[in-house]
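Heads up: the structure comes next, in structure tokens.
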2 protein chains.
Amino acid sequence: MEQKRSDIIANQIEELIFDGTFRDGERLDEVQLSERFAVSRTPIREALLRLAQSGLVAHYPRRGVFVRQPGPIELIEMFEVMAELEATCARLAATRISDAAIDELKATNARCNAAVQDSDTERYYRENEQFHAILYRESGNSFLEQECLRLQRRLQPFRRTQLRLRGRLKQSMQEHEQIVSALVEGDGQAASDTIRSHVAVQGEKFHHLMSRLKTAAE
Amino acid sequence: MEQKRSDIIANQIEELIFDGTFRDGERLDEVQLSERFAVSRTPIREALLRLAQSGLVAHYPRRGVFVRQPGPIELIEMFEVMAELEATCARLAATRISDAAIDELKATNARCNAAVQDSDTERYYRENEQFHAILYRESGNSFLEQECLRLQRRLQPFRRTQLRLRGRLKQSMQEHEQIVSALVEGDGQAASDTIRSHVAVQGEKFHHLMSRLKTAAE
DNA sequence: AATATCTATCTTGTATACAAAAAAGTTGAC
DNA sequence: GTCAACTTTTTTGTATACAAGATAGATATT
């Protein structure tokens with residue numbers, strides 16, 4: 001399955017928004033973008049329309065496309081939904097997960113720990129995402145899995161900003177192990193509750209971070 | 001906020017898929033569509049790309065766009081997710097809902113009942129959707145609300161096919177009242193559980209319907 | 001006759017051209 | 001000098017033109 005040029009461009013623009021090249025509220029000019037990527041306006045437009053659908057930019061007809069970063073309130077809301085979706089995954093997975101997948105989770109956790117030891121944050125993030133992705137898959141609900149991956153991808157840049165908080169890493173790893181234990185025992189309720197707070201706390205932490213920044217700015 | 005022509009066309013194509021004009025697996029030819037709607041290929045392409053993102057059609061690069069109706073398994077999965085999202089709405093709404101919104105729910109229920117009396121199915125569907133939409137709103141989480149509306153819209157045509165089953169209407173109305181009671185009492189758990197089964201049963205019923213159809217065909 | 005390869009046609013993906021609406025700049029009136 | 005209306009420019013939305021890949025058909029070979 002080959003990719004279209006507009007798809008590649010959409011991902012690249014997404015990256016440029018994530019890394020701060022395009023700021024919140026900034027207008028994305030079609031002509032400028034077409035010059036930057038050395039293509040015509042057509043694939044640029046298709047890319048922007050895709051990003052508009054995913055919510056990363058806002059499209060005001062006949063006025064243009066503007067970067068639309070979620071504010072603190074919306075972020076908390078998104079983390080709240082993510083927590084619920086993942087909690088559902090865990091609950092379903094508790095009765096459906098295979099032994100092979102349990103081993104996969106344990107192996108991923110081990111690699112996560114190793115990454116912490118090596119202070120390899122990049123690898124930590126990757127393995128952590130992998131852990132959650134396995135959970136999505138083991139929910140046995142492909143649609144749920146896809147929705148989770150979509151939201152995970154959307155929240156990815158904001159996870160990174162707040163995971164650096166002291167002590168969080170160790171606690172996060174402990175929670176991962178608690179989740180695996182609950183799944184092994186087939187305790188859907190425990191797995192569900194643990195992962196709900198595990199994810200929700202990220203939103204909370206972000207909230208605190210934001211309030212502090214806001215207070216400091218005043 | 002004005003609408004683009006491609007947006008209008010997207011909705012019209014969506015309608016044509018829902019009403020069966022375009023069948024599952026059918027290829028949607030850009031040129032044919034542009035003749036049908038008397039526009040050029042450009043707005044057609046934009047509309048199709050939007051539908052591809054929403055999952056209603058599948059887009060295989062350089063090969064075309066094909067209608068992609070969810071099969072029974074995917075439908076059950078989608079209803080399962082819908083049930084979980086709505087359960088979350090109910091749980092959150094139990095602590096956040098306003099007295100005015102409670103009255104709104106009661107009034108909507110009353111109109112629902114009236115529609116049943118008049119055998120006005122069209123109006124029943126509308127009021128029923130309204131009831132659920134109020135719940136989404138009263139979750140106090142705008143992002144969750146939007147996600148629910150999105151999925152509700154996607155499942156809408158399939159709800160219609162199976163709500164006609166005997167006895168389901170009366171039971172459905174009873175469940176609505178149970179939900180309101182739970183919200184009045186602030187019992188998030190009860191509201192959540194009631195609506196989860198209320199929505200999930202639609203997926204189950206559909207499942208049974210499909211198996212029967214499948215058995216009959218063999 | 002069946003299959004494989006080459007060729008012609010069709011369809012999508014991209015570039016360019018044009019139309020219409022919004023933004024910006026200018027001129028004029030008070 | 002300020003504000004408003006008109007004009008110019010810019011930018012989006014749509015149409016058309018062109019390029020390249022995919023499908024289908026024809027021809028040749030075994």
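Every value quoted in this text rests on a predicted model; they were computed, and no experiment measured them. Chain naming here is simple, since letters A, B, ... match the order of the sequence lines and numbering starts at 1 in each.
Dashed line: the shortest gap from a side-chain N or O of B:S40 to OP1 or OP2 of D:dA15 is under 4.0 Å. Phosphate proximity of C:dT11 to B:H59: absent, as no side-chain N or O sits under 4.0 Å from OP1 or OP2.
In this structure, CZ on B:R68 lies 14.5 Å from NE2 on B:H59, to the nearest 0.5 angstrom.
Taking the salt bridge (charged side-chain N to carboxylate O under 4.0 Å, His left out) definition, one finds that B:R196 meets it with B:E84, B:D193, sequence neighbours left out. With sequence neighbours excluded, the residues satisfying salt bridge (charged side-chain N to carboxylate O under 4.0 Å, His left out) with A:D29 are A:R27. For B:D24, there are no salt bridge (charged side-chain N to carboxylate O under 4.0 Å, His left out) partners at least two apart in sequence or on another chain. Checked against salt bridge (charged side-chain N to carboxylate O under 4.0 Å, His left out), B:R45 has the following partners two or more places apart in sequence or in another chain: A:E46, B:E30.
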Quick one: do B:D19 and B:T21 satisfy side chain to side chain donor-acceptor pair (under 3.5 Å)? Show the steps, please.
CA-CA 6 Å; B:D19 74 15; B:T21 306; 2.6 Å; yes

Determine, stepwise, if the pair A:Y136 / A:Q146 fulfils side chain to side chain donor-acceptor pair (under 3.5 Å).
CA-CA 8 Å; A:Y136 307 158; A:Q146 291 308 313; over 6 Å; no

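Interface residues of residues 29-38 of chain A facing DNA chain D, ordered by number: A:D29, A:E30; criterion, heavy-atom separation under 4.0 Å. Within residues 42-55 of chain B, the residues approached by DNA chain D to less than 4.0 Å at the level of any non-hydrogen atom are B:T42, B:P43, in residue-number order.
B:I8 places its CD1 atom 9 Å from the P atom of D:dT14, with the value rounded to the nearest Å. In this structure, A:I9 atom CD1 and C:dG13 atom P are separated by 14 Å, rounded to whole Å. Atom pair B:D7:CG and D:dT14:C1' shows a separation of 14 Å (rounding to whole Å applied).
Between C:dG13, C:dT14, D:dA15, one nucleotide has an atom nearer to the side chain of A:S6 than all others, and that is C:dT14. With D:dG13, C:dA15, C:dG13 as the candidates, the nucleotide lying closest to the side chain of B:R62 is C:dG13. Closest to the A:R63 side chain, of the nucleotides C:dA23, D:dG13, D:dT23, is C:dA23.
Position along DNA chain C of the nearest nucleotide to B:R27 versus A:V39 favours B:R27 as the more 5'-ward residue.
Using a 4.0 Å heavy-atom distance criterion, A:R41 is classed as a base contact.
Taking the six-membered ring where tryptophan is involved, the planes of B:H198 and B:H132 are essentially parallel, since the angle between them stays under 30° and well short of 60°.
Proximity of a side-chain donor or acceptor of B:R123 to a complementary backbone N or O of B:D118 within less than 3.5 Å is not detected.
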